[in-house]
Amino acid sequence: MPIEDRDDAYVLTHALAKDTLSRLRDVETTQVAFRKGLVKLGRICGYEIIDGAMETEYVSIQTPLAETTGERVKGLDNVVIINVLRAATPFVEGLLKAFPRAKQGVISAGRDEEAGMDDDGNFPITIDYVKLPEITEEDTVIVADPMLATGSTMCSVLDHILESNAEVDPAKLFVLSAVSAPDGLLRVAEEFPDVDLLTVSIDDYLDDDGYIVPGLGDAGDRAFRTT
Ligand SMILES: O=P(O)(O)OC[C@H]1O[C@H](OP(=O)(O)OP(=O)(O)O)[C@H](O)[C@@H]1O
Ligand SMILES: O=c1cc[nH]c(=O)[nH]1
Ligand SMILES: [Mg+2]
């Protein structure tokens with residue numbers, strides 16, 4: 001089974017996802033390789049979500065030689081992908097290879113690193129820009145952000161998504177990350193019990209600056225070559 005239920009989250013265990021994440025973790029990985037790795041990981045995660053969480057239906061097909069029965073994935077037109085700027089941009093580029101017809105939303109969210117974490121381990125979050133598509137009851141919504149650390153960003157993002165769609169519950173709501181910290185998973189699960197958390201790795205802990213250890217450093221800085 002490529003998706004394991006680990007209590008805190010569902011973990012995507014595809015060997016290529018682990019391989020790709022290991023390359024992303026390496027401090028020697030260059031900006032270009034890092035960005036390409038996030039794209040690749042997004043594509044693998046997309047395929048795994050299709051395999052593990054979406055249904056198929058039988059369809060009748062006429063090949064050049066005979067009539068036969070084929071299988072198609074249901075609901076691919078009812079997928080919404082939310083890109084949490086900025087680090088999710090290459091990750092979402094990969095996801096879109098699996099869900100090319102997805103509706104897309106964008107939320108620009110940043111941790112106030114200067115203010116730092118408060119005593120409860122949360123960061124102040126600045127949300128600058130929100131543009132979301134309409135979300136319907138048939139939709140599978142995937143909120144993508146490669147890093148889930150304290151969970152402060154994701155909780156703010158989910159507040160915005162759910163407030164802007166207060167009348168409608170989507171069929172499924174996934175939070176997809178590459179690397180998660182136990183604290184962040186717990187916080188999102190407590191505040192949003194109806195959300196399914198998907199991740200490639202649950203790492204060990206957060207350091208005093210709110211970085212995931214062992215983690216991969218600052219995903220936005222590594223992908224965009226800022227410091
Ligand atoms: O769980 P949290 O403690 O909120 O941390 C996770 C957030 O931190 C990073 O974004 P950052 O604020 O560095 O913005 P960036 O993507 O522009 O680099 C990351 O992409 C997440 O959005
Ligand atoms: O470890 C972390 C934590 C937050 N954001 C990142 O990019 N990395
Ligand atoms: Mg960053």
Side-chain angles (χ1 to χ4, degrees), residues 8-9 20-27 29-31 33-35 37-39 41-42 45 81-95 104-132 141-162 174-192 195-227:
D8 292 350
T20 308
L21 178 57
S22 298
R23 290 169 201 271
L24 289 171
R25 289 189 191 280
D26 190 333
V27 69
T29 296
T30 62
Q31 177 206 13
F34 188 86
R35 203 174 54 233
L38 275 181
V39 174
L41 193 59
C45 290
I81 297 176
I82 313 281
N83 177 349
V84 182
L85 298 177
R86 114 199 108 138
T89 301
F91 199 39
V92 165
E93 185 185 327
L95 272 174
Q104 289 182 65
V106 167
I107 299 188
S108 154
R111 309 199 301 186
D112 186 343
E113 308 266 355
E114 273 181 27
M117 276 193 293
D118 65 19
D119 291 343
D120 295 327
N122 300 320
F123 276 94
I125 302 298
T126 308
I127 303 247
D128 293 317
Y129 180 78
V130 180
K131 194 85 174 179
L132 299 173
V141 179
I142 304 169
V143 187
D145 189 333
M147 310 306 283
L148 178 62
T150 64
S152 310
T153 305
M154 191 49 70
C155 287
S156 296
V157 163
L158 289 170
D159 276 337
H160 268 79
I161 295 169
L162 297 177
F174 293 115
V175 163
L176 173 66
S177 56
V179 183
S180 301
D183 293 10
L185 290 171
L186 206 62
R187 177 166 174 207
V188 178
E190 273 174 9
E191 291 191 25
F192 300 93
V195 169
D196 282 323
L197 295 160
L198 297 174
T199 189
V200 180
S201 174
I202 303 176
D203 275 16
D204 297 340
Y205 63 94
L206 291 170
D207 71 11
D208 293 343
D209 298 318
Y211 278 84
I212 303 170
V213 184
L216 48 72
D218 190 304
D221 284 347
R222 292 190 69 185
F224 287 82
R225 199 146 67 87
T226 51
T227 48

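Atoms within a ligand are numbered from 1 in the order they appear, just like the ligands themselves. The residues of the chain are indexed from 1 along the displayed sequence.
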Of the backbone atoms (N, CA, C, O) and the side-chain heavy atoms from C-beta on, which set of D145 has a member under 4.0 Å from an atom of ligand 1: side chain, backbone, both, or neither?
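The part of D145 near ligand 1 is the side chain, not the backbone.
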
Atoms of ligand 1 less than 4.0 Å from [X] heavy atoms?
X    : value
G220 : 18 (O)
T150 : 1 (O), 2 (P), 3 (O), 4 (O)
M147 : 6 (C), 19 (C), 21 (C)
T153 : 2 (P), 4 (O), 5 (O), 6 (C), 7 (C), 22 (O)
A87  : 16 (O), 20 (O)
G110 : 12 (O)

Cation-aromatic face contact R111/Y211, 6.0 Å, 45 degrees:
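Yes, a cation-pi geometry.
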
State, yes or no, whether a side-chain contact exists between [X] and [Y] at a heavy-atom distance under 4.5 Å.
X    : Y    : value
I107 : I161 : yes
D145 : S177 : no
D128 : T126 : yes

To the closest 0.5 Å, what do you measure between [atom1] ([X]) and [atom2] ([Y])?
X    : Y    : atom1 : atom2 : answer
L185 : L148 : CG    : CG    : 5.0 Å
H160 : L162 : NE2   : CG    : 11.5 Å
D183 : I212 : CG    : CD1   : 10.0 Å
T199 : F174 : OG1   : CZ    : 13.5 Å
T226 : Q31  : OG1   : CD    : 9.0 Å

Judging by distance only, is a nitrogen or oxygen of M154 under 3.5 angstrom from one on ligand 1?
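No; the residue has no nitrogen or oxygen that sits under 3.5 Å from a nitrogen or oxygen of the ligand.
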
Which ligand 2 atoms, with their elements, are less than 4.0 angstrom from a heavy-atom of G210?
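It comes down to these atoms of ligand 2: 3 (C).
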
Please could you name the atoms of ligand 2 that I212 approaches to less than 4.0 Å, counting only its heavy atoms?
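Listed by number with element: 1 (O), 2 (C).
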
When you measure from atom 8 (N) of ligand 2 to each heavy atom in G217, A87, G220, which option holds the nearest one?
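Minimum heavy-atom distance to atom 8 (N) of ligand 2 goes to G217.
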
Could you work out, for atom 1 (O) of ligand 1, the closest of C155, G184, G151 by heavy-atom distance?
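Considering heavy atoms of C155, G184, G151, the nearest to atom 1 (O) of ligand 1 sits in G151.
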
Give a yes/no verdict on whether any heavy atom in R111 is under 4.0 Å from an atom of ligand 2.
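So R111 counts as touching ligand 2.
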
Please tell me whether S152 and R187 have a donor and an acceptor in their side chains that are separated by less than 3.5 angstrom.
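Side-chain D/A pair, S152 to R187: present.
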
Side chain or backbone of A149 under 4.0 Å from ligand 2, or both, or neither, by non-hydrogen atoms?
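Contact part for A149 vs ligand 2: side chain (C-beta onward).
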
Has ligand 2 got any nitrogen or oxygen that is less than 3.5 angstrom from a nitrogen or oxygen of A219?
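The answer is yes, given that A219 and ligand 2 share an N or O pair closer than 3.5 Å.
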
